[in-house]
Number of protein chains: 2
Amino acid sequence: MSAPNANANAIVDPGPGAPKTARGARTRARILKAAESTFGTLGYHRAGISDITRDAGVAQGTFYNYFAGKEEILRELVRDMGHQVRARLAAEVVNARDRLEAEEKGLRAFLEYLHDNPYLYRVLQEAQFVDESIYREYYEAFGRGYLRMLADATRKGEIRSGNNEVRVWALMGMSNFLGLRYALWEGDVSFDEIVATISDLFRHGLAIDGLDRKP
Amino acid sequence: MSAPNANANAIVDPGPGAPKTARGARTRARILKAAESTFGTLGYHRAGISDITRDAGVAQGTFYNYFAGKEEILRELVRDMGHQVRARLAAEVVNARDRLEAEEKGLRAFLEYLHDNPYLYRVLQEAQFVDESIYREYYEAFGRGYLRMLADATRKGEIRSGNNEVRVWALMGMSNFLGLRYALWEGDVSFDEIVATISDLFRHGLAIDGLDRKP
DNA sequence: CCCAAAGGTGAATGAGGTGTCATATTCAGC
DNA sequence: GCTGAATATGACACCTCATTCACCTTTGGG
């Protein structure tokens with residue numbers, strides 16, 4: 001709100017110094033990885049730069065050789081993690097025979113990914129309140145890809161026509177909450193069961209209407 | 001971690017003082033309301049106690065007459081807001097003729113509620129990382145009510161049988177994301193359109209034909 | 001081997017903010 | 001109206017941390 005922090009998003013600053021040697025690149029990577037686990041376990045606010053640098057095995061000052069500050073490393077981290085998830089999901093989904101199968105594979109892959117990388121959720125969700133644009137960027141990027149796939153599927157006649165944009169947000173919300181509840185909090189329901197439940201919803205809806213058979 | 005602040009969580013303190021007079025009750029309420037808007041706009045971490053007390057029109061010290069600290073007032077706030085939403089949604093949904101209609105009414109009411117009370121989302125989501133139990137309590141309470149309604153609907157033959165627990169989390173996730181995107185961020189799609197899209201999903205699924213996929 | 005550029009160090013700085021406390025004011029019952 | 005209890009005050013002690021900086025060490029091309 002006040003003036004002094006307005007410079008944060010002035011120009012896409014390449015950072016105080018991109019590493020120019022192999023050693024520098026290694027150090028930068030170590031710091032970034034340390035930030036992931038530190039933010040992931042302690043949370044953004046509780047985590048101090050000193051926690052990150054200790055974890056990375058470097059001095060505090062070294063941090064500022066590569067990142068302008070705490071907020072910038074968060075931004076970097078979210079961008080990085082976003083790429084990873086999208087790459088992973090894309091790989092899992094690429095050989096699905098139709099959209100419904102892709103949804104199943106995608107949901108399972110997402111749950112598995114979250115289970116193996118529990119930091120993603122926390123870092124991402126906290127980023128929302130540090131700088132909303134980081135968060136929006138993540139989901140809008142994710143959503144754009146998703147939308148393209150739904151549009152394809154509509155064109156191919158694999159799914160009902162409808163407002164695919166709205167659907168994208170609904171689907172992302174589902175995955176998000178299912179992941180939080182069943183991949184991060186309590187694994188009391190198998191991923192198979194979850195995928196089957198959601199798949200049934202996609203294939204038949206929730207309603208028992210005249211055409212559907214009873215179990 | 002160090003010794004001096006260890007008393008913070010010694011015993012489950014019922015709060016430093018529940019108000020004993022009408023004036024006290026009013027003051028406490030003013031502080032709570034101020035905390036809602038302050039946390040809602042600035043966020044939990046950026047918000048200082050001084051911001052809250054300034055907004056409430058009381059001195060900083062007064063705050064500690066009613067709340068043990070910043071975390072406790074957040075806890076109180078989430079509990080309070082949770083009651084309000086659930087009451088509102090229950091009221092909107094009570095005269096629906098079947099579950100599908102209830103879902104429609106419920107989703108619309110939730111979107112409208114969020115639009116009118118934008119602080120709910122921020123306070124709730126931030127609470128997650130201040131003390132996860134506050135957050136889980138909110139959604140688990142919400143989920144319990146939801147589950148009961150789905151179980152009822154299953155019994156009445158209004159919806160397909162299936163894992164209603166998983167469904168509950170999927171549905172909460174949908175509402176949450178749709179609310180964030182369309183009620184808080186950008187109102188570029190009407191609530192009618194959103195409700196219609198989701199209703200179609202519930203009634204027919206995503207697949208092109210209600211029965212099964214193509215050969 | 002040399003040496004300029006790159007990388008690394010960690011103590012010092014200072015802003016920001018929570019919670020305390022001694023004191024002042026208001027309330028409610030008598 | 002008196003008086004003890006409740007409530008309100010706000011300056012400040014105290015601490016946590018992000019960031020800076022002057023100086024040292026390593027790297028790698030010539």
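Chain identifiers are assigned alphabetically (A, B, ...) following the order of the sequence lines, protein sequences preceding nucleic acid strands; residue numbering begins at 1 within each chain. Side chains included, hydrogens not; waters and symmetry mates left out as well; all remaining heavy atoms used.
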> Which nucleotide wins on minimum distance to the side chain of B/Ile49, given the candidates C/dT26, C/dT18, D/dA18?
C/dT18
> Mind checking if A/Ala47 touches a base, just sugar-phosphate, or nothing, with heavy atoms under 4.0 Å?
sugar-phosphate
> Atom CZ of A/Phe63 and atom P of D/dC21: how far apart are they, to the nearest Å?
17 Å
> Counting side-chain heavy atoms from C-beta on, which of C/dG19, C/dT9, D/dA8 comes nearest to A/Ala59?
C/dT9
> Which residue, A/Pro19 or A/Gly61, contacts DNA chain C at a nucleotide closer to its 5' end, judged by nearest heavy atom?
A/Pro19
> Looking across every strand, which nucleic acid part, if any, lies under 4.0 Å from B/Gly48 by heavy atom: base, sugar-phosphate, or nothing?
sugar-phosphate
> A/Thr21 near the nucleic acid: base, sugar-phosphate alone, or nothing, with a heavy-atom cut-off under 4.0 Å?
sugar-phosphate
> Whether A/Thr62 contacts C/dT9 is assessed here as follows: a side-chain N or O lying under 4.0 Å from the phosphate OP1 or OP2. Is that the case?
yes
> So A/Glu140 and A/Arg144, salt bridge (charged side-chain N to carboxylate O under 4.0 Å, His left out) or not? Walk me through it.
CA-CA 6 Å; A/Glu140 278 162 5; A/Arg144 272 193 300 276; 5.2 Å; no
> Classify the angle between the aromatic ring planes of B/Tyr138 and B/Phe142 as parallel (below 30°), tilted (30 to 60°) or perpendicular (above 60°).
tilted
> Just wondering, are more than 12 heavy atoms of other shown residues or ligands nearer than 6.0 Å to CZ in B/Arg79?
yes
> To the nearest Å, how far apart are B/Lys20 NZ and D/dT7 P?
7 Å
> Check whether any side-chain nitrogen or oxygen of A/Tyr64 sits under 4.0 Å from OP1 or OP2 of C/dT9, and answer yes or no.
no
> Grab the CZ-P distance between B/Arg23 and C/dT25 for me, whole Å please.
13 Å
> When you check the phosphate oxygens OP1 and OP2 of D/dA8, does a side-chain N or O of B/Thr27 lie under 4.0 Å from one of them?
yes
> Looking at the side chain of A/Asn65, which of D/dA18, C/dG8, D/dT9 is the nearest nucleotide?
C/dG8
> Specify the separation, in whole Å, of atom CZ of A/Arg26 and atom P of D/dT26.
14 Å
> Ignoring hydrogens and geometry, is there a side-chain-to-backbone donor-acceptor pair from A/Asn164 to A/Arg167 under 3.5 Å?
no
> Going through the checks in order, is the salt bridge (charged side-chain N to carboxylate O under 4.0 Å, His left out) test met by A/Arg75 and A/Glu71?
CA-CA 6 Å; A/Arg75 212 180 307 275; A/Glu71 238 182 83; 3.3 Å; yes
> Return the value, rounded to whole Å, for the distance between atom CZ of B/Phe67 and atom C1' of C/dT18.
16 Å
> Whole Å only: how far is the NZ atom of A/Lys70 from the P atom of D/dT20?
15 Å
> Just the rounded figure in Å: distance from C1' of C/dT9 to OH of A/Tyr66.
13 Å
> Quickly work out the A/Gln60 CD to C/dG7 P distance and round it to whole Å.
20 Å
